[in-house]
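Notes follow once the structure below has been shown.
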Amino acid sequence: MVSRFVFGLGLLSATALVHPAFAADVRTLQIFVSKNKQSLAVYDGTEVVATSKVSTGKDGHTTPSGIFSVLEKQKYHESNLYSAAPMPFMQRLTWSGIALHESNSVPRYPASHGCVRMPGAFAKMLYGMTEPGIPVIISDGELVPQPIDHPTLFHPDAPAAMPLLSDVELRPSMPDNPAAPVQVAMNDTAAMLMPMVQPLATHEAEPPSEPISMLITRRTLRETVIDIQTLLNALGFSAGDPDGLLGPSTVEAIMAFKTLRPAEFAGDRNLVSDTLLKALYAAAGKGEPPNGVIMVRKAFKPVFEAPVTIADPGLALGTHFFALHAVNEKAGTADWLGITLENNLSRETMKRLGISNQESSIVTGKPIARSLSRITIPDETRRKIDALIAPGSTLTISDTGLGRETGEGTDFITITRG
């Protein structure tokens, strides 16, 4: 899953640029495809390490814009949709049929049935550079990852410093006999008990080596029902496993809870409502219910999810993507890179999500900082994620939830334009 590689080729052709220092290091990569420029760029941090022309989908077969990752790789693949058309050095982006692959026809204008076509030499080179999980960003305009430093982003826990004798506060003990030697007492009794002959043996835990992917988004009915089921079970009602489905056990438990509080639910004819959620949170002593969720996956499999709070929910968050380029475990720091994708929501989507104001989607400026500052992550959740992050970890912020392409065997896929 870690998007790293060691590569030693020089300049291949006019369509591919490879940095001369490329072979010396192991890198963490991101791939960016611009549909307007019909170009592909591979970034290591903020540095371009390879480029190529491409051909994306033509009218009627448009390549979707959004946030993807390589799901699987095959040196030779035949299309399941278009007469077994050959797709050498295929790198799949969705299970519905979008991929990067080699083609003999790359005219540098939209010409494919939705895939991203690449020249043969470059497709082979890129295939050797990548691993499953490497992020692939497809957009109309050209995007460039920028360093992002914000307190909402995650970082590894710095190891606790061991007390040193030089740091221990010392206080002199005045002797009864002035001729007697002066004794020194230490205020820190724990340090006083440290062995003086042999140094302390220390064992540093291995930092995480496999990256995780994360999505912060608004809660949907699924997350709300999971909360309702969890709270009802904790309050002694049998709501079944918290699966987000309104099955018979869950419905029966909801009705039983409402029956005990007729005044609170007078006039509330909806089975699931804000009134129900607030009443459950109050009964469980948990305060106000959250309106957002953070989901975590690793190796294309769900790990856990937890509630978050989004301030000013009537304002769109926008769509933002972050990649963790490097971490310093000893210092407890992390080097994040971020981009903003244009994603204009339809009126229907805004109404469904309760969004009344959608800021203009721009790539420059401070939309990332504004969105990050509106997100509050519980300390317990933050500590759990801080312990999991590794180079190559990613975070997506989106208003629109999991998205139809996210499923079994994927990271979080966000479609910004179909």
Side-chain angles (χ1 to χ4, degrees), residues 12-17 30-43 48 50-127 129-130 134-144 319 321 339-346 349 361 363 398 400 403-407 410-411 413-418:
L12 278 181
S13 68
T15 64
L17 176 149
Q30 299 182 74
I31 296 173
F32 290 85
V33 175
S34 169
K35 294 193 287 185
N36 289 350
K37 290 196 170 185
Q38 292 292 287
S39 64
L40 180 152
V42 183
Y43 277 85
V48 177
T51 63
S52 175
K53 67 176 183 178
V54 298
S55 283
T56 58
K58 58 188 176 182
D59 288 345
H61 299 278
T62 305
T63 301
S65 298
I67 302 163
F68 308 88
S69 61
V70 173
L71 304 181
E72 71 167 355
K73 299 171 60 176
Q74 294 182 16
K75 288 186 177 180
Y76 184 79
H77 178 76
E78 293 182 348
S79 173
N80 298 322
L81 302 175
Y82 300 105
S83 304
M87 300 168 60
F89 299 105
M90 186 274 293
Q91 302 193 57
R92 183 182 297 279
L93 304 183
T94 72
W95 293 112
S96 63
I98 305 300
L100 309 170
H101 67 82
E102 173 191 338
S103 175
N104 293 326
S105 175
V106 187
R108 201 157 196 167
Y109 56 78
S112 78
H113 284 89
C115 288
V116 178
R117 296 178 181 176
M118 301 175 291
F122 184 86
K124 182 177 181 180
M125 180 187 75
L126 186 66
Y127 189 93
M129 290 161 59
T130 63
I134 182 172
V136 180
I137 313 301
I138 302 176
S139 60
D140 290 343
E142 193 173 27
L143 296 179
V144 177
T319 301
F321 180 74
I339 57 167
T340 294
L341 288 81
E342 184 176 356
N343 187 17
N344 293 312
L345 305 176
S346 67
T349 300
S361 294
V363 176
S398 172
T400 53
R404 64 183 182 276
E405 292 287 357
T406 300
T410 75
D411 278 331
I413 298 175
T414 299
I415 304 295
T416 57
R417 180 174 298 183

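Along the sequence shown, residues carry numbers from 1. Atoms considered below: every heavy atom in the structure, side chains included; atoms not considered: hydrogens, waters and symmetry mates.
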Determine whether [X] and [Y] make a side-chain contact, defined as any pair of heavy atoms from C-beta on separated by less than 4.5 Å.
| X | Y | value |
| --- | --- | --- |
| Phe89 | Met125 | no |
| His101 | Arg117 | yes |
| Met118 | Leu100 | yes |
| Ile31 | Leu126 | yes |
| Ile98 | Phe68 | no |

[Y] backbone acceptor or donor facing [X] side chain under 3.5 Å:
| X | Y | value |
| --- | --- | --- |
| Tyr127 | Lys75 | yes |
| Thr62 | Pro64 | no |
| Ser103 | Val106 | no |
| Ser112 | Gly57 | yes |
| Thr56 | Pro110 | no |

Given side chain to side chain contact (heavy atoms under 4.5 Å, CB included), test Glu102 with Tyr76 step by step and report yes or no. CA-CA 10 Å; Glu102 173 191 338; Tyr76 184 79; over 6 Å; no
Pairwise distance [atom1]([X]) to [atom2]([Y]) - rounded to 0.5 angstrom:
| X | Y | atom1 | atom2 | result |
| --- | --- | --- | --- | --- |
| Thr94 | Arg404 | OG1 | CZ | 9.5 Å |
| Thr406 | Ile67 | OG1 | CD1 | 10.0 Å |
| Thr416 | Leu345 | OG1 | CG | 10.5 Å |
| Gln30 | Ile137 | CD | CD1 | 6.5 Å |
| Ile413 | Leu71 | CD1 | CG | 5.0 Å |

Between Thr63 and Lys35, does the side chain to side chain donor-acceptor pair (under 3.5 Å) criterion hold? Intermediate values first, please. CA-CA 8 Å; Thr63 301; Lys35 294 193 287 185; over 6 Å; no
Tell me whether the count of non-hydrogen atoms from other residues, nucleotides or ligands lying under 6.0 Å of NZ in Lys124 goes above 12.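 Open: at most 12 neighbouring heavy atoms sit under 6.0 Å from NZ of Lys124.
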Kindly check if the number of other-residue, nucleotide or ligand heavy atoms within 6.0 Å of CG (Asn36) is above 12?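 Yes, CG of Asn36 has more than 12 neighbouring heavy atoms, counting only those of other groups under 6.0 Å.
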Search all heavy atoms of [X] against all heavy atoms of [Y] and return the closest pair with its distance.
| X | Y | answer |
| --- | --- | --- |
| Thr400 | Ser398 | OG1-OG, 2.9 Å |
| Gln38 | Ser55 | OE1-CA, 3.2 Å |
| Leu341 | Ile138 | CD2-O, 4.4 Å |
| Ala99 | Met87 | CB-CE, 4.1 Å |
| Gln91 | Val70 | OE1-CG2, 3.7 Å |
| Thr51 | Phe122 | O-CE1, 3.3 Å |

Between Val116 and Val136, is a side chain to side chain contact (heavy atoms under 4.5 Å, CB included) present by the stated rule, with each step listed? CA-CA 11 Å; Val116 178; Val136 180; over 6 Å; no
Using side chain to side chain donor-acceptor pair (under 3.5 Å), reason through Ser39 and Glu142 one step at a time and then give a plain yes or no. CA-CA 9 Å; Ser39 64; Glu142 193 173 27; 4.7 Å; no
Hey, which of Ile415, Thr414, Val33, Asp140 is the one that makes side chain to side chain contact (heavy atoms under 4.5 Å, CB included) with Ser65?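 Single side chain to side chain contact (heavy atoms under 4.5 Å, CB included) partner of Ser65 among Ile415, Thr414, Val33, Asp140: Asp140.
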